[in-house]
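First comes the structure, then the notes that go with it.
Because only heavy atoms are used, hydrogens play no part in the values below, and waters and symmetry mates are left out as well, while side chains stay in. Sequential numbering from 1 along the given sequence is applied to the chain's residues.
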Amino acid sequence: MFESVEDVQQRFRDARYIANRRISTVVYLAERMGRPVLIEGPAGVGKTELAKTLSELTGRKLIRLQCYEGLDEGKALYEWKYAKQLLYTQLLRDRIGELIADAPSLPDAVAKIAGQEDAFFSFRFLSARPLLAAILADDPVVLLVDEIDKAEPEFEAFLLEVLSDFQVSVPELGTIRAKHIPLVVLTSNNARELSDGLKRRCLHLFIDFPAPADELEIIRMKVPQIPDELGRAVVDAVQKIRGLDLRKPPSVSESLDWARSLVILNARQLDAALVESTLTMLVKYEKDLERVKGALDKVLAG
């Protein structure tokens, strides 16, 4: 799939994703070792985008499990299509009546119906959720478990079992094993500490805000219309804003939004009025806005 770390780095760049040497090394090793990758870091630095790019480069379908508070194994694995089962039961009511017509007692009738469970508990009535869909896939896939830190520790423990064996048990159908081991990418915004068990089973990667040169390259790649001087000014300003004591520093995706908005406004350089009028592209909390406004001289200083 990938010939070397350098091949990973170049192919990601061709796909418009700047992957440094450390990122490229972890991706290469994960593919070769068949190990999940746990990516931690601030929101908006490209963790989810890495999984999407990996899917694109490998030609594998991306299956995404978005985690949230209250997520349990039922929502992540499968659901029975009870309405469809009921419809089939109603349509086959006459046949069911024929089946139990000669049953001498109620227990005998129940036993006869139970003998037909395979007709109503089969894959035709099973709605596969992301984890089971990845296991059942006829072709290798990329499985993205996004924002695992938002799920409860109980779900994380369940996920460990799936990642260890890539098999699940459906009581009515038995154990289902993966046809192909998926490439697994887990992301975390560090909302809570993840277990040592999960980290032990994964190759770990921390993606932080990029260095100025890398961020400038990302902006030039994603917003090619931006004038060179303005691109440098945007990166310099964003780097200084991140140095302030903010509840939420601007992410790379927000830097890109700001750069695009400045291009739309035909800006050629930054000034206090322009920055103040477009700050909401970068900063999302009122107190953060006030703090940045109070430091505009420092932010715009050359």
Quick note, ring pair (Phe, Tyr, Trp, His ring centres under 6.0 Å) partners involving residues 223-257, not counting sequence neighbours, are none

One should read off an interatomic distance between Glu286 CD and Leu289 CG, to the nearest 0.5 angstrom, of 5.5 Å

Sequence neighbours excluded, the answer for side chain to side chain contact (heavy atoms under 4.5 Å, CB included) partners of Val26 is Val37, Leu203, Leu205

Decide if atom CD of Glu6 counts as having more than 12 heavy atoms of other residues, nucleotides or ligands within a radius under 6.0 Å.
yes

When every non-hydrogen atom of Leu282 is compared with those of Ile241, the smallest separation belongs to CD1-CD1, 3.8 Å

Contacts satisfying salt bridge (charged side-chain N to carboxylate O under 4.0 Å, His left out) that involve residues 258-267 (not counting sequence neighbours) are Asp257-Arg260

Listing, residues 265-274 side-chain donor-acceptor contacts under 3.5 Å, not counting sequence neighbours, or none:
from	atom 1	to	atom 2	distance (Å)
Asp271	OD1	Ala273	N	3.2
Asp271	OD1	Leu274	N	2.7

For residues 126-167, the ring pair (Phe, Tyr, Trp, His ring centres under 6.0 Å) pairs (sequence neighbours left out) are Phe155-Phe158

Contacts satisfying ring pair (Phe, Tyr, Trp, His ring centres under 6.0 Å) that involve residues 15-63 (not counting sequence neighbours) are Phe12-Tyr17

Quick note, salt bridge (charged side-chain N to carboxylate O under 4.0 Å, His left out) partners involving residues 49-65, not counting sequence neighbours, are Arg64-Asp146

Under the side chain to side chain donor-acceptor pair (under 3.5 Å) rule, what do Asn189 and Lys150 come out as? Steps first, then yes or no, please. CA-CA 9 Å; Asn189 295 333; Lys150 288 186 177 180; over 6 Å; no

>> Measuring only between side-chain heavy atoms, which start at C-beta, is Leu143 closer than 4.5 Å to Leu183?
In response: no

In this structure, CD1 of Ile23 is separated from CD1 of Ile39 (nearest 0.5 Å) by 8.0 Å

The complete set of side-chain hydrogen bond (donor to acceptor under 3.5 Å, both in side chains) pairs with one or both residues in residues 191-208, sequence neighbours excluded, reads Glu40-His204, Glu156-Arg192, Glu156-Ser195, Ser164-Arg201, Glu193-Lys199

List the atom pairs, donor and acceptor, that lie under 3.5 Å between side-chain atoms in residues 128-139 and the rest of the protein, sequence neighbours left out.
from	atom 1	to	atom 2	distance (Å)
Arg129	NE	Lys75	O	3.3
Asp138	OD1	Lys179	NZ	2.6

Contacts of Ser55 meeting side chain to side chain donor-acceptor pair (under 3.5 Å) (sequence neighbours excluded), chain-then-number -> none

Handout entry: Asp165 side chain to Gln167 backbone, donor-acceptor under 3.5 Å
Key = no

Taken in chain and number order and not counting sequence neighbours, the residues that satisfy side chain to side chain contact (heavy atoms under 4.5 Å, CB included) with Gln225 are Val223, Val263

dist Ser24:OG -> Phe2:CZ (nearest 0.5 Å) comes out at 9.0 Å

Salt bridge (charged side-chain N to carboxylate O under 4.0 Å, His left out) pairs touching residues 219-228, sequence neighbours excluded, are Arg220-Asp228, Asp228-Arg232

